[in-house]
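On a predicted model such as this, the values are computed, not experimentally measured, just so you know.
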Amino acid sequence: MAAMEIHFTLNGQPVAVQAEPDEMLLEVLRRELGLRSVRETCGLGICGACTALLNGQPISTCILLAPLAEGCEITTVEGLGGHHPVQRAFEEVQAFQCGYCTPGMILTIKALLEEQPAPDEETIRRALGGNLCRCGCYLKIVQAAQRAAALLAEERRRQPGPGAAPVS
Amino acid sequence: MSRAMPEPGENTHRTEPDPRVTGAIRYAQDVELPDMLYACIVRSPYAHARVLRVDTSSLPADVVALTPDDVRALGLYGCQIKDQQVLAVERALYIGDPVAAVAAASPRAAREAAELIEVDYEELPAVFDAVEAMQPGAPLLHEDLAISDNDAAYFGMRPEPQRNVCHHFRIRHGDIEQGFAEADVIVEETYRTPSAQHVPMEPHACLARWTADGRLEVWTGTQTPFNLRMDLAGIFGLPQERIRIIAPPMGGAFGSKTFVRYEAIVACLARKAGRPVKLVLRRDEEWLTLNRHPSTIHVKLGARRDGTLVAKQVTCWANTGAYADCGPGVAQKMGFASPGPYRIPHVWVDSYCVYTNLPSNGAFRGYGATQAVWASERTMDLLAERLGLDPLELRLKNVLVDGDRYCTGEVMHDVHFADCLKAVAGQIGWHEGRRGKGLAVLLKGMQTPSRASIVVEANDDGSYTVHCATAEMGQGAWRAIRMLAAEQLGVPVERVHFPVPDTDIVPYDTRTTSSRSTYMMGRALVEAVRQLKENGELGYGECVNEGGLDPDTGQGIASTHWHQGAAAAEVRVDEETGKLEVVHLHTAIYAGRVVNPPAAQLQNEGSMIMGLGSALFEEITFAEGQVTNANLSDYNIPAADDLPRITYDLIERPGAEIHGLGETALPPVPAAIGNALFSLGIHVRDLPLTPERVLEASERRRVRSAAPV
Amino acid sequence: MARPIPAWLAPTSLEEALELRARYGEEATVVAGGTFVGILINQGLLQPAALLTLRQIAELAYLRVEDASASGKPLLRIGAMTTHRALERSPLVQRGWPVLASTFALVASPRVRNQATVGGVLADADYASDPPALLHALGASVVARSPQGQRLISVEELIVGHYETSLRPDELLTEIQVPGGIEGAVYRKFRSRSSEDRPCVAVAAVRREGRLRVTVGAVAERPQYFPEICALAEGQAGIDAELAREIGERYAAAIEPLSDARGSAHYRRRVIAVEVRRALEDLHQQIIATGGGSQRHV
Ligand SMILES: Cc1cc2nc3c(=O)[nH]c(=O)nc-3n(C[C@@H](O)[C@H](O)[C@H](O)COP(=O)(O)OP(=O)(O)OC[C@H]3O[C@@H](n4cnc5c(N)ncnc54)[C@H](O)[C@@H]3O)c2cc1C
Ligand code: FES
Ligand code: FES
């Protein structure tokens with residue numbers, strides 16, 4: 001059996017990539033699609049540096065067999081465009097040092113806020129439990145999540161109605 | 001100043017988003033060149049073994065292999081002691097010591113090829129504990145201990161050949177015998193701290209190529225581009241200018257990305273392959289690359305009945321592992337931090353840097369101070385208990401103030417230890433009751449002597465470019481330097497560029513360690529900008545920090561300025577399981593002048609959180625020299641949900657110098673938590689404070705108090 | 001290099017999956033969420049000849065309540081491919097089996113729970129996982145299917161060792177069944193290091209139909225349960241402090257704990273006594289609060 005072709009939607013665009021069946025999505029996103037926001041630290045599903053959203057939910061791409069992405073919607077930070085409210089909140093609060101964990105943090109918070117628009121600090125900390133930041137920016141990351149919640153709420157107020165889905 | 005400060009939201013719409021929030025930042029691991037190969041290292045499975053034969057005959061033809069024979073003729077290296085070769089040529093000295101390497105077309109192919117190399121070994125006796133390694137008859141790791149010509153060997157090193165000691169640092173101040181004779185009480189204790197991993201999120205990564213005219217170019221995540229260049233020049237017998245180091249931003253370093261790590265191996269592979277070769281370390285290999293020094297520290301402290309300190313004797317054994325790396329420097333700092341920021345008339349310190357068959361230990365955020373403060377500050381609380389004194393009062397009575405002499409003989413200035421202690425005590429409600437509360441104070445030197453230089457260039461479009469070797473590892477140094485330059489040039493920070501440091505372009509700098517960069521570069525910048533304003537084109541500035549200690553007496557200038565801070569902790573203990581909960585952690589750090597407040601806050605928070613990890617659970621475990629927890633499942637680091645209430649003060653003083661903040665808050669944190677436990681009668685000597693150790697210590701207490709007096 | 005590239009088998013029906021499973025046997029590694037399989041591959045510990053994914057079998061992801069057990073008590077049926085997240089958020093589970101929802105929410109991070117499945121965690125039989133001890137104490141069973149038919153295996157008989165189950169090479173775990181009629185249920189996860197860590201000692205205590213079942217997880221190769229010790233609570237309305245202490249101490253004496261990075265055997269034994277006692281105290285409170293009935297638990 002040779003390498004296979006896998007099809008999924010990446011940041012809104014349909015893609016087809018070559019991969020071996022026992023490769024992880026992380027390797028494929030980096031090698032075949034040139035994405036650099038997904039990064040390996042632990043390779044065990046623990047740290048969240050490799051986080052992407054799969055159908056809107058955070059997963060560890062380092063332990064997701066690439067063919068399991070078949071037919072799914074994959075979102076990475078490259079797909080947020082740079083001015084997403086969560087990204088803006090991170091810049092305002094300066095919630096990063098080396099920035100290695102930042103994409104994973106941003107995606108995890110984005111998914112959280114879509115489900116719980118106004119989480120308390122406890123909820124945020126727990127949601128971020130599996131995203132490690134060795135630089136130790138957690139206090140500011142929690143602040144950024146709160147700030148992002150406020151920015152998103154503001155945005156919803158400005159565009160009321162049922163169509164007020166979170167922007168990305 | 002205010003113009004250069006980032007206002008909240010300033011950067012959001014008007015300028016490009018920060019590459020860290022878009023994922024666009026490119027770290028060393030992301031650097032690529034056409035045609036490059038990928039490296040993988042073959043490592044010794046023995047803690048100490050003669051390398052008899054390396055057989056590469058089953059490798060596929062397209063794989064390039066590097067064996068001891070390829071590197072035998074190359075120079076020895078080592079930033080302080082020249083004790084290392086590119087591969088373990090004669091003997092492998094720890095489990096994980098590189099004995100061969102391969103380069104292949106993909107990371108996977110390289111991994112598979114590495115498994116095909118067969119190595120024959122003859123196992124030799126090994127030693128893992130530093131105290132044991134100094135005993136007569138212990139296996140000897142290195143025959144010759146030549147002092148390096150690298151400028152990281154900036155202090156007088158005192159290796160003791162034939163004894164596994166690569167440096168013996170001493171402080172001889174006063175008359176120690178007389179001091180103890182004058183003491184009314186003497187307390188004595190031995191402490192141990194374990195090895196720890198830096199766990200930078202980005203692993204070590206480097207890429208090397210040789211140009212057609214024989215120059216070596218290396219892209220690597222490094223805090224020490226110039227030291228690296230010096231050692232590579234020695235290895236390859238090239239003039240330094242024939243080597244070019246480019247240092248992209250790092251996904252964290254904390255001391256781990258210093259001096260020569262894998263650059264020499266990758267350069268050898270690239271030369272043999274005739275193609276660029278890149279290495280990105282697997283996570284488990286980080287534990288085999290560089291860790292924190294395990295320490296054993298014995299403290300004997302004597303005082304008068306009223307709490308006046310009269311004598312202190314400290315012996316430190318810093319276990320540096322198989323190769324010295326900067327261990328001598330660490331042992332020296334451990335030594336001169338161990339007396340603590342106190343006036344003590346009689347001080348005697350012996351700090352040994354000892355070889356063992358463990359992976360090398362080197363720079364680690366705190367640089368020896370974490371170990372020293374743990375031992376020193378825990379002993380202060382033992383003394384306070386013995387004398388029935390308030391631990392805060394005991395410290396305030398003895399703490400150094402402006403104009404005092406430290407035990408190194410230097411006169412202290414800009415001293416704020418008492419302010420720091422009072423601030424932390426106030427914040428945890430020390431005066432409302434001391435049960436479950438503890439504090440600790442820290443003095444830590446900055447690397448002395450050292451030199452930094454910077455070039456500022458005016459561009460045609462009215463912007464400026466700063467050329468400087470300072471490494472960016474998340475501490476925000478590039479931005480801070482840009483802000484300082486912008487402030488002095490009177491332009492917005494966006495008009496000041498900071499290209500990735502390249503030793504072909506930037507002027508010399510000692511290294512980005514020891515929390516000295518902003519301070520030193522800040523000073524160099526003043527001159528550079530002055531020159532530029534004069535000629536309109538280019539300015540060069542330099543800052544030299546003079547001093548140094550006599551290694552045999554510890555007298556001289558240990559530091560031109562001191563990092564000063566204190567920590568306080570409030571804890572709760574589940575007495576039945578020993579589980580310790582830190583409720584509140586507060587630090588007060590003397591910051592001098594803060595350039596970039598969010599970055600300063602982040603540095604301090606990060607330091608505290610790393611200290612928390614060291615206090616509670618970070619520990620590399622070994623079984624006969626084999627790391628048994630080389631992954632993030634078995635080695636935990638602090639997560640968001642592990643944090644107590646964290647607060648801090650960054651103490652500023654108008655007109656003060658910039659003080660580095662990178663590592664001041666870390667060392668006193670474990671000691672403050674240990675002292676908080678001690679306030680409950682639980683005396684744990686060794687880090688980390690695992691539930692198991694706490695339970696055991698609390699039982700000892702019960703037994704002790706139950707025993708008849 | 002001649003590395004064998006594994007075959008990717010992605011059946012879309014259970015029937016097809018069973019047929020492939022029977023054909024390949026141990027040659028094919030079953031992939032549910034793939035979290036554990038992924039780790040093994042990353043660490044070079046597994047080089048499968050084929051990977052058999054259940055991801056595309058829609059009929060294996062469900063949560064249903066049925067009044068099917070002999071006693072007429074409700075039964076929760078969980079399709080093997082149900083993710084931890086789906087279980088923990090299901091109103092059905094939160095209402096009827098709140099302890100299941102809260103325990104699955106304690107597993108790892110939201111990322112792992114989005115991926116890992118209920119079938120996967122049981123088939124995995126990792127001694128340091130949370131759900132096995134709880135499912136054991138709840139008296140849960142699993143359905144194992146092969147082309148020859150199906151059998152019902154209690155979790156107790158399913159997990160035989162660390163990473164070892166009684167599933168045959170031609171069987172797939174297709175469903176988990178959790179009985180209702182629970183009068184009280186408690187799960188305590190004691191971590192010795194980070195809040196993100198796996199348990200050092202895990203205790204599940206359940207009272208159902210007047211019977212107490214205490215299962216201790218993460219301390220030995222497989223979940224630890226001692227019916228003769230639990231029988232001490234037989235016929236008692238509640239569990240008083242003295243009884244809780246005694247059961248805790250007896251569990252501690254009966255278990256031969258292992259040592260790992262999370263604690264030594266000696267330490268674990270100490271903690272077992274404490275945590276079992278605390279679990280029983282919590283259970284007692286719960287039973288009192290619900291009047292011994294089954295208001296909170298179906
Ligand atoms: C970082 C991390 C932290 C974790 N922490 C915890 C924790 O704290 N507590 C906890 O309880 N768990 C924890 N886990 C989860 C863990 O124990 C397992 O990884 C997970 O439950 C496996 O589920 P899966 O669906 O991904 O299984 P897979 O990886 O797909 O499979 C696991 C095993 O079961 C087999 N298998 C799977 N499904 C079937 C089936 N239907 N029939 C037959 N065989 C099958 C597979 O072949 C494989 O051998 C953690 C996991 C990770 C990655
Ligand atoms: S690299 Fe994937 S979770 Fe750590
Ligand atoms: S910012 Fe460096 S790891 Fe989070």
Side-chain angles (χ1 to χ4, degrees), chain A residues 20 23 27 30-31 35-47 49 76-84 86-103 105-106 122 124-142 144 147, chain B residues 6 8-13 16-27 29-30 106-108 198-203 249-254 280 282-284 472-476 596 598-599 601-603 605-610 612-613 631-633 637-643 646:
Chain A
E20 291 172 13
E23 279 190 299
E27 275 171 78
R30 288 185 67 93
R31 185 189 65 223
L35 296 181
R36 292 290 176 264
S37 73
V38 278
R39 301 162 181 150
E40 178 162 331
T41 292
C42 70
L44 298 175
I46 289 168
C47 72
T76 66
V77 125
E78 283 90 346
L80 302 191
H83 298 292
H84 185 281
V86 183
Q87 290 175 306
R88 272 164 35 214
F90 265 72
E91 279 218 38
E92 278 186 32
V93 176
Q94 299 263 305
F96 43 76
Q97 294 185 52
C98 75
Y100 200 86
C101 69
T102 313
M105 295 286 181
I106 288 174
E122 174 89 22
I124 297 169
R125 282 195 187 201
R126 259 213 296 275
L128 291 175
N131 285 79
L132 299 177
C133 173
R134 187 52 156 171
C135 298
C137 307
Y138 298 123
L139 304 187
K140 295 225 183 321
I141 292 169
V142 171
R147 178 72 187 131
Chain B
E10 173 210 59
N11 225 13
T12 40
H13 287 296
E16 279 295 289
D18 190 293
R20 287 168 287 191
V21 305
T22 58
I25 185 168
R26 291 294 177 264
Y27 301 103
Q29 71 169 17
D30 300 320
S106 72
R108 200 169 199 163
H198 309 75
V199 194
M201 298 290 281
E202 180 200 22
M250 285 167 271
F254 315 111
V280 178
R282 285 194 325 265
R283 180 54 49 179
D284 61 294
E472 179 56 63
M473 44 206 174
Q475 83 281 39
N596 181 355
Q601 292 158 8
L602 281 162
Q603 281 283 291
E605 292 165 16
S607 244
M608 290 174 73
I609 292 170
M610 219 172 204
L612 190 74
N631 62 69
L632 283 179
S633 175
I637 61 172
D641 224 9
D642 289 326
L643 306 188
I646 287 183

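- For the atom pair NE2 (A:H83) and CD (B:E16), the distance works out to 6.5 Å, reported to the nearest 0.5 Å.
- When every heavy atom of A:C42 is checked against every heavy atom of B:L632, the shortest pair comes out as CB-CD1, 3.7 Å.
- The minimum heavy-atom distance linking A:C47 with B:M201 is given by the pair CB-CE, 4.4 Å.
- Here the shortest heavy-atom pairing between A:R125 and B:L643 reads NH1-O, 3.0 Å.
- A heavy-atom distance below 4.5 Å is found between the side chains of B:P638 and A:R134.
- Here the closest heavy-atom approach between residue A:R36 and residue B:D30 is recorded as CD-OD1, 3.2 Å.
- Across A:R126, A:K140, A:M105, the residue that shares the most heavy-atom pairs under 4.5 angstrom with chain B is A:K140.
- The greatest number of non-hydrogen atom pairs below 4.5 Å with chain B, out of A:A49, A:G129, A:G99, A:C137, is found for A:G99.
- With rounding to the nearest 0.5 Å, the separation of CZ in B:R108 from CZ in A:R31 is 8.5 Å.
- Between A:Q97 and the choices B:Q475, B:E605, B:Q603, the side-chain hydrogen bond (donor to acceptor under 3.5 Å, both in side chains) rule is met once, by B:Q603.
- Of the listed residues (B:H198, B:M250, B:M608), the one with the most heavy-atom contacts under 4.5 Å to chain A is B:H198.
- B:R26 touches chain A through its side chain: at least one heavy atom from C-beta onward sits under 4.5 Å away, while N, CA, C and O do not.
- Within the 4.5 Å cutoff, the side chain of A:Q94 has no heavy atoms near those of the B:Q601 side chain.
- Contact annotation for B:P249: neither backbone nor side-chain heavy atoms come within less than 4.5 Å of a heavy atom of chain A.
- The greatest number of non-hydrogen atom pairs below 4.5 Å with chain B, out of A:E27, A:E78, A:R39, A:R30, is found for A:R39.
- Looking at A:E91 and B:R20, their side chains never come closer than 4.5 Å, going by heavy atoms from C-beta outward.
- A distance of 4.5 Å separates CD1 in B:I637 from CG in A:L132, rounded to the nearest 0.5 Å.
- The two residues B:P203 and A:Y100 make their nearest non-hydrogen contact at CD-OH, 3.9 Å.
- Closest of all the heavy-atom pairs between A:Y138 and B:I609 is CD1-CD1, 4.1 Å.
- Only the side chain of A:I46 comes within contact range of chain B, judged by heavy atoms closer than 4.5 Å.
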